[in-house]
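Worksheet for the structure shown next.
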Amino acid sequence: MLYLDILILIITGVGAIYGIWSGDNLNKKKAIISTIITVCGVTATLSLSVWKYLDDRKSAVIAARLRTDELLTTLAATELRNVDVAWTFDNVPPGALQLLDIGDALVDSYFLANENVDRLPADERRKVDMAERIDTTVEPMLGLIASGTSDPSGLFEGEDIGIALARFKNDPKGWVDGLGTALHYKGGNYELLFPLNPNSDAILSLGKPGDDPVSDEPSAWQQDTNLFAKTNFAFKVGATSAEGSVTLHWIYDRGSLNRAAERPTDGELSGGFGNVFSFLIVHRRLERTSYLNELTSRLSALPPERAAGGGWADHSTLQISVNGLANPHYVYDVTYAGTHSYAPNRGAYDAPVEEFAYTRFDCRLRALD
């Protein structure tokens, strides 16, 4: 509207000045005075319009900030019963996108090689599918994100990736007859340690089945020991792509949160998250007690070590919804903040021994609406 107001004022002013100078029996002295008065009037009106526009914008920013502060306060005082985390990367290189196709092929191979599992009822089969994708898609993707690389070839062995995917997509009969592929993941282990609460005093290792044991005993369809260990969890996890982007997605209900969140004894979980916080991808498996006792102290002690720009995982977006509500939800800008080593000092004469490496990501609140 400001631009339209300015345009109308300019047209009106130009028209008035034209009328002053185009009349018959022109008196130049009066015309000059009239022109000056007209220009001053238009300028004053323009200035008032611009001032009002900027003042309205300032008021809107202040109102939005107050609304955000109120929502943060309200959510911080609300018990967390469900959390939905979606981490999205745009403009993902083809190699990293290919990881989702690799996951599809490996999951299909698993079902071909395990006919009894393939014949499970739909709900149980979906659970097995999800469990397989943790190992074949989500964890390898975390490895690519942490390293900033886009080539998955070094993460798998058993068959050339290109050949395996060509057979999977173009030769269904040969694929089934050969029971899929011998391709399998050989990369490292990665955990995403994600803080909860405004003070980050509780932590989830997102997508880690061992932290969310639903049952002490297997169901009828889980009698196989490996299958029980693989599927004995209740959270949901997945990886999707759309138009060159990749989203990693985790959903924890109340039961899973109570089982999986590491926190002080009797610590509560709230729907509040800070304006800024950081999370980590750890390059190995950790004992659950290490989440708070070690990593939170390392996180606060070390300043971020910014990586050189240009990597596909340098900037991303994090969306967090709580308690099943689509709105309000948090939207964070996420920045890759470097890879560090946890190497405790072994003494004045000993070289520090690296216990594990971790990659840090810093989050800053963009919106809460």
Side-chain angles (χ1 to χ4, degrees), residues 75-87 120 123-135 137-139 142 189-239 248-274 277 279-282 284-296 299 318-325 329-330 356 358:
L75 290 170
T78 302
E79 181 188 7
L80 184 64
R81 300 184 301 276
N82 174 285
V83 66
D84 184 323
V85 179
W87 190 13
L120 287 172
D123 288 346
E124 286 78 4
R125 193 182 188 281
R126 276 193 293 269
K127 173 61 74 69
V128 178
D129 185 297
M130 188 183 302
E132 281 294 305
R133 290 182 192 279
I134 293 173
D135 297 331
T137 306
V138 176
E139 189 167 28
L142 291 179
N189 298 126
Y190 298 91
E191 292 195 31
L192 197 162
L193 297 190
F194 191 81
L196 303 174
N197 294 343
N199 296 323
S200 298
D201 54 5
I203 294 182
L204 280 175
S205 179
L206 289 179
K208 188 174 182 179
D211 287 354
D212 183 25
V214 179
S215 175
D216 295 330
E217 298 293 333
S219 301
W221 65 275
Q222 294 173 314
Q223 291 303 314
D224 180 278
T225 304
N226 291 332
L227 190 60
F228 176 59
K230 184 191 294 285
T231 60
N232 188 31
F233 62 90
F235 62 80
K236 295 180 174 60
V237 59
L248 300 179
H249 197 184
W250 301 266
I251 300 175
Y252 280 71
D253 63 15
R254 188 173 192 166
S256 289
L257 284 170
N258 287 335
R259 288 187 295 269
E262 180 66 13
R263 57 197 187 276
T265 304
D266 299 326
E268 297 182 352
L269 299 178
S270 87
F273 289 84
F277 70 90
F279 63 86
L280 310 174
I281 294 178
V282 184
R284 57 162 283 186
R285 290 276 184 266
L286 287 179
E287 293 296 327
R288 181 166 167 167
T289 54
S290 298
Y291 300 170
L292 282 170
N293 296 343
E294 297 290 351
L295 291 190
T296 53
L299 187 60
L318 186 73
Q319 294 192 51
I320 306 173
S321 300
V322 298
N323 296 345
L325 300 173
H329 66 276
Y330 301 85
F356 56 82
Y358 60 90

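Hydrogens, waters and symmetry mates play no part in the numbers below; they use all other heavy atoms, side chains included. All residue numbers in this chain count up from 1 along the given sequence.
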For the residue pair [X] and [Y], what are the closest heavy atoms and their distance?
| X | Y | value |
| --- | --- | --- |
| Pro209 | Ile134 | CG-CD1, 4.0 Å |
| Asp201 | Pro264 | O-CD, 3.3 Å |
| Phe233 | Ala131 | CE2-CB, 4.0 Å |
| Leu269 | Ala261 | CD1-CB, 3.9 Å |
| Ser321 | His329 | OG-CB, 3.5 Å |
| Leu248 | Ala239 | CD2-CB, 3.7 Å |

Enter the distance from [X]:[atom1] to [Y]:[atom2] here, rounded to the nearest 0.5 Å.
| X | Y | atom1 | atom2 | result |
| --- | --- | --- | --- | --- |
| Asp135 | Arg133 | CG | CZ | 12.0 Å |
| Phe277 | Leu196 | CZ | CG | 9.0 Å |
| Ile320 | Leu75 | CD1 | CG | 11.0 Å |
| Asn258 | Leu80 | CG | CG | 9.0 Å |
| Ile251 | Leu206 | CD1 | CG | 11.5 Å |
| Asp84 | His249 | CG | NE2 | 3.5 Å |

Output yes when a side-chain donor or acceptor of [X] lies under 3.5 Å from a complementary backbone atom of [Y], and no otherwise.
| X | Y | answer |
| --- | --- | --- |
| Asn232 | Val214 | yes |
| Asn197 | Asn199 | no |
| Glu124 | Trp221 | no |
| Tyr291 | Phe194 | no |
| Asn323 | Leu325 | no |
| Glu139 | Tyr190 | yes |
| Asp212 | Ala234 | yes |
| Arg81 | Gly271 | no |

With a 6.0 Å cut-off (strictly less than), is the heavy-atom count around [atom1] of [X], excluding the residue itself, greater than 12?
| X | atom1 | result |
| --- | --- | --- |
| Lys230 | NZ | yes |
| Glu79 | CD | yes |
| Gln223 | CD | yes |

Validation row: [X], [Y] side chains within 4.5 angstrom (heavy atoms):
| X | Y | value |
| --- | --- | --- |
| Phe273 | Val322 | yes |
| Leu192 | Leu142 | yes |
| Phe228 | Ser219 | no |
| Trp250 | Val83 | no |
| Leu286 | Ser205 | no |
| Met130 | Val237 | yes |

Criterion salt bridge (Lys or Arg N to Asp or Glu O under 4.0 Å) on Asp123 and Lys127, from CA distance to verdict: CA-CA 6 Å; Asp123 288 346; Lys127 173 61 74 69; over 6 Å; no
Salt-bridge criterion met for Arg263 and Glu268 (N-O under 4.0 Å): no
Test log, rule ring pair (Phe, Tyr, Trp, His ring centres under 6.0 Å), inputs Phe279 and Trp87: CA-CA 12 Å; Phe279 63 86; Trp87 190 13; 5.0 Å; yes
